[in-house]
Amino acid sequence: MIKKEIRRVLTERLVELGFNLDEGELGVEEPSNPEFGDFASSIALELASRTEDSSRALAERVAEGICKDDFSRVTVAGPGFINFDLSPSLIIDSLNRLLSSSSPLDEFPDSIGKSIQIEFVSSNPTGPLTVGHCRQAVLGDVLASLYSRLGYDVETEYYFNDEGRQMDILASTLWARYSQSLGEEVEIPEDGYKGEYLIDIGEDLAEEYGDEYLTWNDDTAAFFKNKGLERMIRRIKEDLSLVGVEFDNWFRESSLHEKGEVDEVINVLREKDGTYEKDGAVWLKAEEEGAPQDVVLVKSSGEPTYLLPDIAYHLDKFERGYDQALVLLGADHQRHVENMKAGLSKLGLPPDFYQALINQFVSLSAEGEVKKMSTREGEFVTLKSLVEDLGKDVVRYFMAARKPESHLEFDYELAKEESMDNPVYYLQYAHTRIASIFRKSDRVNLEGKFELEDLNLSRLGEPEEQELMKKLDKFPEIVEIAAEDYAPHYLISYGEKLSSLFHKFYNKYRVLTDDEELGAARLGLCKGVQMVLGELLEILGVSTPKEM
RNA sequence: GCGCCUGUAGCUCAGCUGGACAGAGCAGCGGCCUUCUAAGCCGCAAGUCGGGGGUUCGAAUCCUCCCGGGCGCACCA
């Protein structure tokens, strides 16, 4: 990465001049105006106040001493910006490194000895997954890919409640549906789950078990609870696999109770003076830890609230040895996050262990198709219907395209009808076009490989070619900051820009030309673009078709 | 009322840890296919970055107030 190199050179020079500053703190920008070079630093503007010099004079002093080998130009502009123009050889080296590596992210080690656990979706098995869950599924899955590319040890986990009131309601509703499908006059419970999915499962069970369970008793209740849970989890897994998401672990809340971890946590919290009793309930002293107000851990009925097992769950994660636990939660859980932090802080966990990424809701631009879809499905648009209508690639792309903390307005019309204008195809098409060129080229063997030794990349002198090479160089940094900022959408912005540069290049120049040396160099450039775009699409979980 | 998120072109949104004249896609208008797939390219038009103050050499970006939208403020999960 050239940017890192510039940062290093600049830091070195500043140290030489007697400044001591933290590495990485140094600002290096990519100016929007090409006149200001490939990279620019405003460091002199920031540091000038510490010296006798004007910012302009300081910039000049800094620039003077910078080794010029890697740059065709180092200039001082405006009030004291230092602008760098990269030398062609530096850019070509970068492409050369890419072409001789097995992946654009080779520079990241396979393992950095850090681990992150990512929990997402975690919807309780009482209904089908919706578009909201779908966004989270995609975000979580992409983040997991990003971290694993960076060398983290990554584990994804789905946490679900498998007992308690919700499961009882699931059981009684399912029993009612089962009975109905056998012709019995049974009403579903008032607070039951009304969606059609339980009718299907009820019918299934009726077919499989006949009238064996028509009488409601403890055994029947247990039977439908088990079956309901099993079938719902199966459906959730099926839905997730439709968008290409698979979890490493499925974690049952009941296992925490079985192992006594919930009781243990409340005891530890008591010991650490983190709780008190009021009105027959046990409260967490959350306010002391920065939460807006104290919250109930154990109700006066003796039942734990949702918070307590979740604290126990995260202690469990901590004890499993992860360095960091990231949880994706919907906007309505913001308060819960504050309570969790308070609870974990009382337990003495490191403050940065628990990380929550709050994502805002998804709304569908409600026209035509969408409305039909929601009446068919009941109250909500399901993940399944969305993917069946639009396909995995489109859904994943759209769900990852916005920053998580923004509302996502899913443009259904654009996603569905406009195959021509649909942005997801734009990236895929760039990748496919390259595949097509390779098919036409006799320099490329069947595996898409070609000889690198005789590539003369210095033939790539056109501005479009230079731009492409520079852009390719930036990919690893994009992956890094997308992971750090929990911002998968950086990949989308970058990918659209890279594809755009490629399409422009493709339109203006021919790759396969009579000038063999030039053609070979351009094939090399195409290969680089394909490697980066392929890696990017793979992280996003979007396919790379050979033909479109 | 309080807290979190959000308000950028007609629409949907980018804008990297504040940086040098604000970007993209869609929609609109006008061009480009005997040559590697036109799912593409080129051009035109379009914005007081919600509004007012402040910090700074420099603000869409930081602080503050106001206005508008989403979510939350349970012994629900």
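We name chains A, B, ... by the order of the sequence lines, and we start the count at 1 in each one.
Using a 4.0 Å heavy-atom distance criterion, A/Glu35 is classed as making no nucleic acid contact. Heavy atoms of A/Thr432 sit under 4.0 angstrom from at least one base atom. At the heavy-atom level, A/Asp332 lies under 4.0 Å from the strands shown only through sugar-phosphate atoms. When heavy atoms are screened at a 4.0 angstrom cut-off, A/Asn339 is found touching no nucleic acid atom at all. Using a 4.0 Å heavy-atom criterion, one finds that A/Ser55 contacts no nucleic acid atom at all. Nucleic acid contact for A/Ser300: base, since at least one base atom lies under 4.0 Å from a heavy atom of the residue. Looking at heavy-atom distances under 4.0 Å, A/His503 makes contact with sugar-phosphate atoms alone, never a base. A/Lys497 comes within contact range of no nucleotide atom at all, as no heavy-atom separation falls under 4.0 Å. Residue A/Ala40 is in base contact, counting any heavy-atom pair closer than 4.0 Å across all strands shown. Residue-level contact check: A/Glu303 touches neither bases nor backbone, having no heavy atom under 4.0 Å from any strand. The residue A/Asn161 sits close only to the backbone: its heavy atoms come under 4.0 Å of sugar-phosphate atoms, none of a base.
Between the C1' atom of B/rU12 and the NZ atom of A/Lys403 lies a distance of 14 Å, rounded to the nearest Å. Atoms CZ (A/Phe39) and P (B/rA20) sit 15 Å apart, rounded to a whole Å. Going from atom CD of A/Glu29 over to atom P of B/rU61 covers 17 Å, rounded to whole Å. In this entry the distance linking CD1 of A/Ile169 with P of B/rA77 reads 11 Å, nearest Å. Atom NZ in A/Lys4 sits roughly 14 Å away from atom C1' in B/rC16 (whole-Å rounding). Atom-to-atom, CZ of A/Phe398 to P of B/rA14 comes out at 14 Å; the value is rounded to the nearest Å. Between A/Phe502 atom CZ and B/rA24 atom C1' the separation is 20 Å, expressed in whole Å. As a whole-Å value, the separation of A/Leu498 CG from B/rC16 P is 20 Å.
Taking atom P in both B/rU48 and B/rA60, one finds a spacing of 14 Å when rounded to whole Å. Comparing B/rA9 with B/rC5, their C1' atoms sit 24 Å apart, to the nearest whole Å. Across B/rA39 and B/rG25, the matching C1' atoms stand 14 Å from one another, rounded to whole Å. Using C1' as the reference atom, B/rC73 and B/rU64 are 24 Å apart when rounded to the nearest Å. Straight-line distance between the C1' atoms of B/rC62 and B/rU55: roughly 8 Å, to the nearest whole Å. Across the C1' atoms, B/rG10 and B/rA46 are found 9 Å apart, a figure rounded to whole Å. The same atom, C1', is picked in B/rG70 and in B/rC36; the two are 49 Å apart, to the nearest Å. Rounded to whole Å, the separation between the C1' atoms of B/rG50 and B/rG40 comes to 37 Å.
A donor-acceptor pair under 3.5 Å links the side-chain atoms of A/His133 to the main chain of A/Thr130, judged by distance alone. Although no hydrogens or angles enter the test, the distance criterion places no donor-acceptor pair under 3.5 Å between the side chain of A/Arg402 and the main chain of A/Phe410. Using a distance-only test at 3.5 Å, with no hydrogens or angles considered, no donor-acceptor pair links the side chain of A/Gln166 to the main chain of A/Glu163.
For A/Glu338 and A/Lys341, the salt-bridge test fails: no basic side-chain N is under 4.0 Å from an acidic carboxylate O. For A/Glu516 and A/Arg459, the salt-bridge test fails: no basic side-chain N is under 4.0 Å from an acidic carboxylate O. A/Asp294 and A/Lys285 are not joined by a salt bridge, as no carboxylate oxygen comes within less than 4.0 angstrom of a charged side-chain nitrogen. Taking the charged nitrogens against the carboxylate oxygens, A/Glu477 and A/Lys474 have no contact shorter than 4.0 Å, which rules out a salt bridge. A salt bridge links A/Lys317 with A/Glu119: the distance from a Lys NZ or Arg NE/NH1/NH2 to an Asp or Glu carboxylate oxygen falls below 4.0 Å.
Closest-nucleotide positions on RNA chain B for A/Glu547 and A/Ala331 were compared, and the one nearer the 5' end corresponds to A/Glu547. Checking A/Gly78 against A/Arg165, the closest nucleotide of RNA chain B that is more toward the 5' end is the one next to A/Gly78.
Between the side chain of A/Arg402 and the base of B/rU6 there is no donor-acceptor pair of N/O atoms closer than 3.5 Å. For A/Ser301 and B/rC75, a side-chain-to-base donor-acceptor distance below 3.5 Å is absent, hydrogens and geometry of angles not being considered. No hydrogens or angles were tested; on distance alone, nothing pairs the side chain of A/Asp310 with the base of B/rA77 as donor and acceptor under 3.5 Å. A/Gln334 contributes a side-chain N or O that forms a donor-acceptor pair with the base of B/rG3 under 3.5 Å.
Across all strands shown, B/rA9 has no partner, as no Watson-Crick or G-U wobble contact with both distances under 3.5 Å is found. Across all strands shown, B/rG47 forms no Watson-Crick or G-U wobble pair with both distances under 3.5 Å. Across every strand in view, B/rG40 sits in a pair with B/rC32 that passes the Watson-Crick or G-U test at under 3.5 angstrom. Pair assignment for B/rC71: B/rG3, on the basis of Watson-Crick or G-U wobble contacts that are both within less than 3.5 Å. Using Watson-Crick or G-U wobble geometry with both donor-acceptor distances under 3.5 Å, B/rU61 finds no partner in any strand shown.
Picking from B/rU6, B/rC16, B/rG70 the nucleotide with the shortest atom distance to the side chain of A/Phe361 gives B/rG70. When each of B/rU17, B/rC5, B/rC75 is scored by its nearest atom to the side-chain atoms of A/Arg7, the top-ranked nucleotide is B/rU17. If you check B/rG70, B/rA20, B/rC41 against the side chain of A/Ser32, the one that comes closest is B/rA20. Each of B/rA14, B/rC73, B/rC75 was ranked by its minimum atom distance to the side chain of A/Lys299; first place goes to B/rC75. In the set B/rG19, B/rA20, B/rC16, B/rG19 carries the atom at the smallest distance from any side-chain atom of A/Glu46. Considering only side-chain atoms of A/Asn83, the nucleotide from B/rA77, B/rA20, B/rC16 that sits closest is B/rA20. Considering only side-chain atoms of A/Arg335, the nucleotide from B/rG72, B/rC71, B/rA77 that sits closest is B/rG72. Closest to the side chain of A/Glu405, out of B/rC75, B/rC5, B/rC41, is B/rC5.
Nucleotide B/rC41 is shown with an anti base, its glycosidic torsion being more than 90° from 0.
Ring-to-base geometry does not place A/Tyr426 in a stacked arrangement with B/rA39 (centre distance under 5.5 Å, plane angle under 30° required).
Using cut-offs of 30° and 60° for the angle between ring planes, the A/Tyr486 and A/Tyr147 rings count as tilted. Using cut-offs of 30° and 60° on the angle between ring planes, the pair A/Tyr313 and A/Phe251 is tilted.
Between A/His489 and B/rG15, a side-chain N or O to OP1/OP2 separation shorter than 4.0 Å is present.
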Under 4.0 Å protein heavy-atom contacts per nucleotide of nucleotides 28-36 of chain B, with B for base, S for backbone only and - for none:
-------BB
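Residues satisfying the salt bridge (Lys or Arg N to Asp or Glu O under 4.0 Å) criterion with A/Lys299, sequence neighbours excluded, are absent altogether.
Both tests hold for A/Arg433 against A/Tyr506: distance to the six-membered ring centre under 6.0 Å, angle to the ring axis within 45°.
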